[in-house]
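Worksheet for the structure shown next.
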Amino acid sequence: MTLRLAVWSGPRNVSTALMYAFAQRGDTRVLDEPLYAAYLARGEALDHPGREEVLSAQHTDAERVIEECLLGPCSAPVLMAKHMAHHLRGLEDAHGDGWPFLAHFTNVLLTRAPRAMLASLAAKLAAPDLADTGLVEQVAVLESLVAVGETPIVITAEQVLADPTGALTALCARVGIDFDPGMMSWLAGPKPYDGVWARHWYAGVHRSTGLSPLRATPRELPAALEPLLAVCEPLHARLAAHVLGG
């Protein structure tokens with residue numbers, strides 16, 4: 001039986017570093033944003049860097065991706081799929097009432113304080129908006145888990161950056177696998193499991209050689225994004241109320 005982990009992140013939340021950590025495990029296969037092309041094909045994010053490359057590199061039929069890539073046969077004991085939560089937009093059931101296929105996964109929500117997230121996102125997208133953050137979908141996933149009596153698994157980028165070993169040990173225990181110290185380091189450079197968009201987004205993590213406590217140098221938030229910050233903060237707070245170990 002394969003443990004199927006679905007990590008629903010927002011952008012600029014150290015999700016790629018988390019994927020790299022899981023990729024170091026001998027028992028794990030990782031997938032990098034398998035629903036990205038399907039999201040773009042629905043007409044979303046027309047200005048995303050490398051849009052045409054992504055559409056050419058991945059299946060654009062979300063149902064096929066879910067059935068074949070996410071729920072299909074997997075030779076590894078653990079399948080870890082890193083997702084952007086906003087890639088769920090448009091995949092709700094016929095009644096617009098959530099995403100029934102989430103029941104097949106152990107779902108993890110990865111979030112980050114909105115001020116730092118938006119400042120980093122603004123360095124990649126000219127005019128990010130709420131739809132780009134994935135926070136609406138993250139909260140919807142959280143609410144759907146709570147509605148069926150599940151305890152949501154929420155971790156923050158701040159936890160991962162402040163105490164990587166502690167954060168990953170707690171996360172592994174919560175999903176039912178042993179922590180592997182090998183998760184903490186990797187070779188610098190691109191990885192064979194990177195999406196084709198890596199050259200646009202992954203420069204920082206490609207320079208890294210592992211997870212270690214970091215002193216982040218905060219970017220300045222553009223003044224034009226202060227209204228968006230005000231919208232994002234209560235959504236983040238809803239997620240943060242369920243943070244693992246909080």
Side-chain angles (χ1 to χ4, degrees), residues 2-25 27-40 44-45 48-50 53-54 57-59 62 65-66 68-72 74 76-89 91 99 101-102 104-112 117 120-121 124 132-135 137-138 141-142 152-157 159-161 164 167-168 171-172 174-175 177 180 182-184 186 190-206 208 210-211 239 244:
T2 296
L3 172 64
R4 299 175 189 271
L5 294 177
V7 178
W8 303 101
S9 179
R12 320 310 289 167
N13 285 4
V14 305
S15 59
T16 303
L18 187 64
M19 179 181 73
Y20 282 12
F22 272 88
Q24 309 315 304
R25 298 177 60 96
D27 63 354
T28 300
R29 178 188 174 208
V30 299
L31 295 175
D32 192 8
E33 300 182 31
L35 293 168
Y36 195 1
Y39 166 78
L40 294 177
E44 304 283 359
H48 266 217
E53 294 172 86
V54 179
Q58 290 183 319
H59 294 307
V65 173
I66 293 166
E68 295 182 6
C69 299
L70 298 175
L71 296 178
C74 180
V78 180
L79 178 67
M80 185 273 201
K82 165 212 163 192
H83 299 280
M84 290 295 103
H86 47 286
H87 294 175
L88 286 168
R89 194 177 311 125
L91 301 183
W99 305 277
F101 57 85
L102 295 184
H104 296 286
F105 307 112
T106 297
N107 296 285
V108 177
L109 293 159
L110 173 62
T111 188
R112 183 182 183 186
M117 178 271 292
S120 182
L121 185 58
K124 295 293 183 179
D132 293 314
T133 72
L135 281 165
E137 287 76 24
Q138 284 188 305
V141 170
L142 182 140
I153 305 171
V154 181
I155 59 172
T156 70
Q159 288 175 306
V160 175
L161 294 175
L168 266 64
L171 176 60
C172 288
R174 181 65 178 80
V175 302
I177 57 178
D180 180 346
M183 299 173 74
M184 304 308 296
W186 50 78
K191 307 294 183 286
Y193 38 84
D194 286 342
V196 296
W197 51 88
R199 67 188 181 91
H200 300 285
W201 296 89
Y202 294 179
V205 74
H206 283 171
S208 72
L211 282 171
L239 298 167
L244 191 62

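Bear in mind the structure is a predicted one, so any value in this text is a computation, not a measurement.
Taking CG from Leu211 and CD from Gln24, the interatomic distance works out to 9.5 Å, rounded to the nearest 0.5 Å. If you take NE2 on His104 and CH2 on Trp99, they are separated by 15.5 Å, rounding to the nearest 0.5 Å. Note that CG of Asp180 and CZ of Phe22 are 10.5 Å apart. Values are rounded to the nearest 0.5 Å. Annotation: the span from Leu5 atom CG to Leu171 atom CG amounts to 7.5 Å, rounded to 0.5 Å. Going from atom CD of Gln138 over to atom CE of Met84 covers 8.5 Å, rounded to the nearest 0.5 Å. Atoms CE and CZ, on Met117 and Arg12 in that order, are 11.0 Å from each other to the nearest 0.5 Å.
Residues Met19 and Leu31 approach most closely at SD-O, 3.9 Å, considering heavy atoms. The minimum heavy-atom distance between Leu79 and Cys69, with the atom names listed, is CD2-O, 3.8 Å. The shortest heavy-atom contact between Leu110 and Ala157 is CD1-N, 3.9 Å. Taking all atoms of both residues into account, the shortest heavy-atom contact from Ser9 to Ser15 is OG-CB, 3.5 Å. Here the closest non-hydrogen pair linking Pro49 and Trp201 is CD-CZ2, 3.8 Å. Across all non-hydrogen atoms, the minimal contact from Leu168 to Ala21 is CD2-CB, 3.7 Å.
Residues passing the salt bridge (charged side-chain N to carboxylate O under 4.0 Å, His left out) test with Arg29, sequence neighbours excluded: none.
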Notebook entry, point to check: Which is it for Trp8 and Leu142 under the side chain to side chain contact (heavy atoms under 4.5 Å, CB included) test, yes or no, and what are the steps along the way?
Noted result: CA-CA 10 Å; Trp8 303 101; Leu142 182 140; over 6 Å; no
Notebook entry, point to check: Stepwise, does the side chain to side chain contact (heavy atoms under 4.5 Å, CB included) test hold for Leu18 with Lys82?
Noted result: CA-CA 8 Å; Leu18 187 64; Lys82 165 212 163 192; over 6 Å; no
Check: For Val78 and Val175, what are the C-alpha separation, side-chain angles and deciding distance, and is it a side chain to side chain contact (heavy atoms under 4.5 Å, CB included)?
Finding: CA-CA 11 Å; Val78 180; Val175 302; over 6 Å; no
Check: Would Gln58 and Trp197 satisfy side chain to side chain contact (heavy atoms under 4.5 Å, CB included), going step by step from the backbone distance to the final call?
Finding: CA-CA 11 Å; Gln58 290 183 319; Trp197 51 88; 3.5 Å; yes
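Without hydrogens or angle criteria, Gln159 side chain to Leu244 main chain gives a donor-acceptor distance under 3.5 Å. Judged by distance alone, the side chain of Asn107 and the main-chain N or O of Leu102 form a donor-acceptor pair under 3.5 Å.
Pairs passing the salt bridge (charged side-chain N to carboxylate O under 4.0 Å, His left out) check and including a residue from residues 15-25, sequence neighbours excluded, read Arg25-Asp27.
In this model, a donor atom of one side chain and an acceptor atom of the other lie less than 3.5 Å apart for Glu53 and His200.
Here the side chains of His86 and Pro11 are in contact, with some heavy-atom distance below 4.5 Å. You'll find the side chain of Leu70 stays beyond 4.5 Å of the side chain of Arg4, heavy atoms only. No side-chain heavy atom of Leu3 sits less than 4.5 Å from a side-chain heavy atom of Thr28. Two residues are said to be in side-chain contact when any heavy atoms from C-beta on lie closer than 4.5 Å; Val196 and Val54 meet this criterion. The shortest side-chain heavy-atom distance between Phe105 and Leu71 falls under the 4.5 Å cut-off. Side-chain atoms of Pro164 and Met184, non-hydrogen and from C-beta on, do get closer than 4.5 Å to each other. At least one side-chain heavy atom of Tyr20 sits less than 4.5 Å from a side-chain heavy atom of Asp194. Considering only heavy atoms from C-beta on, Trp186 comes within 4.5 Å of Lys191 through its side chain.
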